[in-house]
Number of protein chains: 2
Amino acid sequence: MSDGKPERGAVRNITDLARLAGVSPGTVSRALAGKSLVNTKTREKIESLAREHGFRPNQMASGLRRQKTDVIGVVIPLGHDTRQQISDSFFMTLLGYLADELTREGYDLMLRRVVPEEDADWLDRFIRSGMIDGVIVIGQSDQFDRIEEVADGYRPLVVWGNRQEGQHHCVVGTDNRLGGRIATERLVAAGARRIAFLGDTGPMEFAARFAGAQDVAARMGLPPILPLPTHLSPDRASEEIAQHLAAHAGAIDGIFAATDTLASLCLTELRGHGISVPDEVRLVGFDDLPIARQTVPPLTTVRQDIAAGARGLVDLLLRRLAGETTESMVLPPELVIRATA
Amino acid sequence: MSDGKPERGAVRNITDLARLAGVSPGTVSRALAGKSLVNTKTREKIESLAREHGFRPNQMASGLRRQKTDVIGVVIPLGHDTRQQISDSFFMTLLGYLADELTREGYDLMLRRVVPEEDADWLDRFIRSGMIDGVIVIGQSDQFDRIEEVADGYRPLVVWGNRQEGQHHCVVGTDNRLGGRIATERLVAAGARRIAFLGDTGPMEFAARFAGAQDVAARMGLPPILPLPTHLSPDRASEEIAQHLAAHAGAIDGIFAATDTLASLCLTELRGHGISVPDEVRLVGFDDLPIARQTVPPLTTVRQDIAAGARGLVDLLLRRLAGETTESMVLPPELVIRATA
DNA sequence: AATCATCCTGCAAACGATTGCAACAGGAAT
DNA sequence: ATTCCTGTTGCAATCGTTTGCAGGATGATT
């Protein structure tokens, strides 16, 4: 205050501050922690000194002593599609909401991106690092089993992904199978009969969407859904989509894309091939990312409520942190009809 | 090994493991840290015991003792446009690359999103938390002065943003003013004369792009650039863009958008208004995000090399961490010509 | 056999904050 | 005057790891 530049750097720890205030370190700790056991005058003196010197208690030390770091780990396993997944719009949006929610609850967020193939015990390593109070895994990728293994011995763990019959780990996610059904039903309602699924069917979530599509095909007596495996990274995807279209020209009149990103790329390719949407081919995406509103024509898609997902993840994690046992949370998908189907 | 389920949880710290191995804690520490002073046989025994019990040294304690946490803080100040900025494609892509680079260098990433208006000393608080070895700030937003204040007293700080004459903090970023010139020159070359700038001119980076556009207008004797202030969040932006278009119908034949995201929204609105691009109105964006390739028609834009930016940020930060003094790093923008100008 | 260097290992003091316990002051109650 | 509270404060152990220093064992050299 005095000079605009209080001599900072002099006070490095709670003991220095205690010396200045003429009290013991313990009292300083209590005062700064806002405990009720400190005399009001003492507290004010300590607080003003702390402010003046820009002092903040060291979180590492505090964490060590309290056995609680107030940090939540968020980890994105890059399974199938190493590159680019981390900048996938959906995951990033979810991450943004998670940051919001965690901040609101007084937690910091430690982000880690791992490649399970190079680092077998990525999850265990993170958990036992001692730096985090709990873990949120974004996307099961192909690591379902690894997660299951760990989940039994470690409570504060919540996963974004698909719910599996009888699984042990607590998961938050959209009902992908139902989403797949909804999307496919829409394609059929729009006149499609020979339907393809655009995307890799390896990852859990995608597999479930694919299964949902198959459900509908079976129920309605349509030909089986044709899987068109595709990577997620835009550069590779475009090319692969083009090949798929060339290979199955005329044999497909409806496409269910695993992701809005893929759907959008597909739309571009369809236009390139002179195929009209939705007249010749109907198209439905998944996620309802902002991009879905801006494609030409605007994309019909299945909406995932990302904000609700983030809230659910944090809420469940906090409850597990508090010792509760929690059920998984399944969010309802919602059809958003625009112009591609 | 033995049973598939080694009794974990028994070994909680280095001392437990020392007891098991029949050595002192110090030796265990040295062995696990890979120091050369330990007998090979002892080391192997300790390592195998550690593996068997899934033990990892506590990073908090280690950090406390070594005064080094191996964590880098990444903070996104949400200045002008509180909501949604964190899920802005550009920042998120940058964040992804940062995660990659930091991981490669053996650092973890702590992500924090702050609202400077609610929390005046966001930067100081983060720095002095004791949890991080250095800070990367993504975007100066309107916090230039605050960052300057802190930068003199804290070395391991690097900022993504715009370089200012005579500034004190180390910054990595594209030459926005040059980018603005390039974009505007392209608009002119494509036949535009009455040019507008779409976006808020408040944030540093945008202000520089705007200034670059003004440079060109002045040099070429064109009418002054018309600023069309717009929020970044898609929902508000669309509406605002529509209003701008309505207000200046026919009076504009070229638009330089501050961002590809805005450009893409603008394109949608233009189509809605039946205005043809690039015949009636030319459009140039900024960033070269993946979306730029998928708009209809594909977007002409100014490319920022995000990967190089991330590498630069991490590289400079590491060097400052090592005690070096570093210059700022200015990346060259690059015009990518597609079909909108 | 004595000396010395070379390896390893153990001891104990840090790092900085928290907290159970004890002690103290001052006032109230007896 | 004694006893008993109540409200504050200090003391010292603790969280788990690291590391400077000293010391012990071993083998080599004279």
Side-chain angles (χ1 to χ4, degrees), chain A residues 8-47 49-50 53-71 108 125 127-133, chain B residues 8-47 49-50 53-71 108 125 127-133:
Chain A
R8 309 193 150 196
V11 181
R12 297 242 68 89
N13 55 36
I14 225 172
T15 312
D16 291 350
L17 196 63
R19 203 174 1 250
L20 281 186
V23 297
S24 78
T27 303
V28 172
S29 170
R30 283 185 269 251
L32 261 33
K35 307 244 167 148
S36 57
L37 313 88
V38 186
N39 182 303
T40 312
K41 224 159 33 174
T42 321
R43 139 161 316 116
E44 278 166 6
K45 182 170 177 188
I46 292 174
E47 278 173 349
L49 275 172
H53 291 79
F55 173 78
R56 289 179 211 301
N58 183 310
Q59 297 232 55
M60 286 262 147
S62 165
L64 179 58
R65 174 62 226 243
R66 292 184 303 131
Q67 297 291 79
K68 182 167 190 329
T69 64
D70 293 330
V71 177
D108 263 312
R125 180 206 301 293
I127 287 173
R128 301 176 93 93
S129 70
M131 300 228 26
I132 53 181
D133 291 343
Chain B
R8 307 195 154 196
V11 181
R12 296 242 68 88
N13 53 35
I14 225 171
T15 313
D16 291 350
L17 196 63
R19 202 175 1 254
L20 281 186
V23 297
S24 78
T27 302
V28 172
S29 170
R30 283 184 269 252
L32 260 32
K35 306 244 168 152
S36 55
L37 313 87
V38 185
N39 184 305
T40 313
K41 221 157 38 177
T42 320
R43 136 158 320 115
E44 277 165 6
K45 181 170 180 189
I46 293 174
E47 277 172 349
L49 274 173
H53 290 79
F55 173 79
R56 288 179 212 301
N58 182 309
Q59 297 232 56
M60 285 263 146
S62 166
L64 179 58
R65 172 64 227 239
R66 292 185 304 130
Q67 297 291 84
K68 183 166 188 332
T69 64
D70 293 329
V71 177
D108 263 311
R125 179 207 302 293
I127 287 174
R128 302 175 91 92
S129 70
M131 300 228 27
I132 53 181
D133 291 343

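Below, chains carry the letters A, B, ... as their sequence lines are ordered, and counting in each starts from 1. These numbers come from the heavy atoms of this one structure, side chains and all, not from hydrogens, waters or symmetry mates.
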| Expressed in angstrom and rounded to an integer, what is the separation of B:Lys41 atom NZ from C:dC7 atom P? | 17 Å

| field | From B:Leu64 atom CG to B:Asn58 atom CG, the distance as rounded to the nearest 0.5 Å | value | 10.0 Å

| task | Provide, to the nearest angstrom, the distance between the CZ atom belonging to A:Arg128 and the C1' atom belonging to D:dT17. | result | 17 Å

| field | Where protein sits on nucleotides 15-20 of chain C, one letter per nucleotide: B base, S sugar-phosphate only, - none, heavy atoms under 4.0 Å | value | BBBBBB

| query | Which of these, B:Leu17, B:Val28, B:Asn39, sits in a side-chain contact (heavy atoms from CB on, under 4.5 Å) with B:Val23? | reply | B:Val28

| note | In short, B:Arg66 meets B:Asp70 closest at the heavy-atom pair NH2-OD2, 3.2 Å

| Taking every non-hydrogen atom, the tightest pair across B:Val71 and B:Met131 | CB-O, 3.6 Å

| field | A:Asn39 CG - D:dG10 P separation (whole Å) | value | 11 Å

| query | Among D:dT9, C:dC8, C:dG10, which nucleotide sits nearest the side chain of B:Ser24? | reply | C:dG10

| request: Spell out, as yes or no, whether a donor-acceptor pair under 3.5 Å connects the side chain of B:Arg30 to the backbone of B:Leu37. | output: no

| message | Less than 4.5 Å apart, side chain to side chain, heavy atoms only: is that true for A:Thr69 and B:Met60? | response | yes

